Amino acid sequence: MDSFENFENKFYLKLDAKLINEGFARSMVATFCVQLNPSISEINDIKTAVSEAVTNSIVHGYSKEKRGDIEIYVGIKNNVVYIKVVDLGTGIEDIDKARQPFFTTKSQEERSGMGFTLMESFMDTLNVYNNADGGVTVEMTKEIKSNL
Amino acid sequence: MEIKYSFQGEELNVVMKGELDECTAPYVRLSLDTILKDLNGGDTKLVLDLGGVSFMDSTGIGVLLGRYNKFRKSNVNIYIKNPQGHVNRILEMTGIYEIMPKIS
């Protein structure tokens, strides 16, 4: 993965980990990607992946007692969109398990456990890791093919 | 999210319009539960018209599964109508149509 500074065009967004910001976050990322002339399907794929990552940060990373920030980095290079979503929450105990379809630690809250599965299905690559100083980073890429 | 409903005999039609995500899920959950709890028993066909739902993520799947689990004991059979492109794709991918058939 390129360093964020090396992308042809990029933007950075930092927002409070609040549910009300979820729609704003995915819309901002999608709007930025419009410069690559993506199809509606590709835009919806990106919106869904961002929504899943941001939801995870708010619901699993933080709690009502501990709120924080979510940072979103978006870069574009050669028709590829790179998205990084970072939180400083509690992290994920077992990432491999969390990425399995229908796995959830909050089944009593009617969670489907399909968040990572949708991210993986809608994007070309997905990388998830715990940060050394706490929290989780989700990195995703998607090549926009409709404009080729 | 906007939710409207109407009865046609034993069929309950619920029309949803807007985005179904973590932010709107509590309202959708409460609205559907409020509508469904007043049913007087017997078989009920609940038709969820998702034609106006412009966005849905896995939280929406959780809401639908939750309603299925909560009301199947009350003989409420849920059907999905008019899901648009991306919403339809997510519903297909997650296998929802196996328990909530898609109708035209």
Side-chain angles (χ1 to χ4, degrees), chain A residues 15-27 29-30 38-62 64 70 85 98-123 138, chain B residues 1-2 16-34 36-37 48 50-73 76 78 80 82-100:
Chain A
L15 66 173
D16 284 354
K18 292 182 176 173
L19 291 177
I20 196 73
N21 290 333
E22 201 180 293
F24 173 75
R26 64 174 176 260
S27 295
V29 176
S39 65
I40 290 174
S41 177
E42 286 170 330
I43 276 289
N44 280 325
D45 288 352
I46 291 168
K47 283 174 79 173
T48 304
V50 170
S51 194
E52 298 295 351
V54 171
T55 298
N56 276 353
S57 291
I58 296 171
V59 173
H60 299 286
Y62 296 113
K64 283 175 185 166
I70 297 173
V85 179
R99 289 180 66 158
Q100 288 172 9
F102 300 109
F103 175 81
T104 178
T105 53
K106 296 194 174 185
S107 55
Q108 74 282 6
E109 292 182 15
E110 297 185 351
R111 305 269 160 215
S112 70
M114 291 297 283
F116 281 124
T117 303
L118 292 187
M119 282 185 245
E120 209 156 10
S121 301
F122 291 155
M123 303 298 279
V138 173
Chain B
M1 175 63 80
E2 188 181 302
M16 296 165 63
K17 190 177 175 185
E19 297 189 324
L20 178 46
D21 63 5
E22 189 65 31
C23 188
T24 57
Y27 171 72
V28 174
R29 203 175 279 128
L30 180 66
S31 298
L32 291 177
D33 287 357
T34 303
L36 289 168
K37 82 175 169 55
L48 291 177
L50 303 183
V53 176
S54 55
F55 177 85
M56 185 168 79
D57 58 17
S58 68
T59 300
I61 299 298
V63 171
L64 294 178
L65 285 174
R67 306 289 68 65
Y68 172 79
N69 288 329
K70 192 164 182 177
F71 292 103
R72 65 179 164 176
K73 291 170 204 149
V76 176
I78 306 176
I80 292 175
N82 294 329
Q84 298 304 295
H86 195 68
V87 173
N88 183 50
R89 199 167 149 218
I90 289 176
L91 294 169
E92 273 178 352
M93 280 176 58
T94 51
I96 282 287
Y97 292 138
E98 288 178 25
I99 54 172
M100 299 179 194

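Computed from a predicted model, the values in this text were never measured in an experiment. Chain letters run A, B, ... following the sequence lines, proteins first and then strands; every chain starts at 1.
- In this structure, A/L15 CG and A/I20 CD1 are separated by 11.5 Å, a value rounded to the nearest 0.5 Å.
- When heavy atoms are compared at a cutoff of 4.5 Å, A/V59 approaches chain B solely by way of its side chain, counted from C-beta outward.
- Taking CG of B/L91 as the start and CE of B/M56 as the end, the distance is 4.0 Å to the nearest 0.5 Å.
- By the 4.5 Å heavy-atom criterion applied to side chains, B/L65 and B/I99 are counted as neighbours.
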Distance-only donor-acceptor screen, chain B against chain A, under 3.5 angstrom:
| residue | atom | partner | partner atom | Å |
| --- | --- | --- | --- | --- |
| B/E19 | OE1 | A/R26 | NH2 | 2.8 |
| B/D21 | OD2 | A/R26 | NH1 | 2.9 |
| B/D21 | OD2 | A/R26 | NH2 | 2.8 |
| B/E22 | OE1 | A/R111 | NH1 | 2.6 |
| B/E22 | OE2 | A/R111 | NH1 | 3.2 |
| B/E22 | OE2 | A/R111 | NH2 | 3.0 |
| B/R29 | NE | A/E110 | OE1 | 2.8 |
| B/D57 | OD2 | A/S51 | OG | 2.7 |
| B/S58 | N | A/E52 | OE2 | 2.6 |
| B/S58 | O | A/S112 | OG | 3.1 |
| B/S58 | OG | A/E52 | OE1 | 2.6 |
| B/S58 | OG | A/E52 | OE2 | 3.1 |
| B/R67 | NH1 | A/E110 | OE1 | 3.0 |
| B/R67 | NH2 | A/E110 | OE2 | 2.9 |
| B/H86 | NE2 | A/N44 | O | 3.2 |
| B/H86 | NE2 | A/T48 | OG1 | 2.6 |
| B/R89 | NH1 | A/D45 | OD1 | 2.6 |

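- In this structure, CD1 on A/I46 lies 5.0 Å from CD1 on A/I43, to the nearest 0.5 angstrom.
- Using a 4.5 Å heavy-atom threshold, the side chains of A/L118 and B/I61 count as separate.
- When all heavy atoms of B/M16 and B/L20 are compared, the closest pair comes out as CE-CD2, 4.1 Å.
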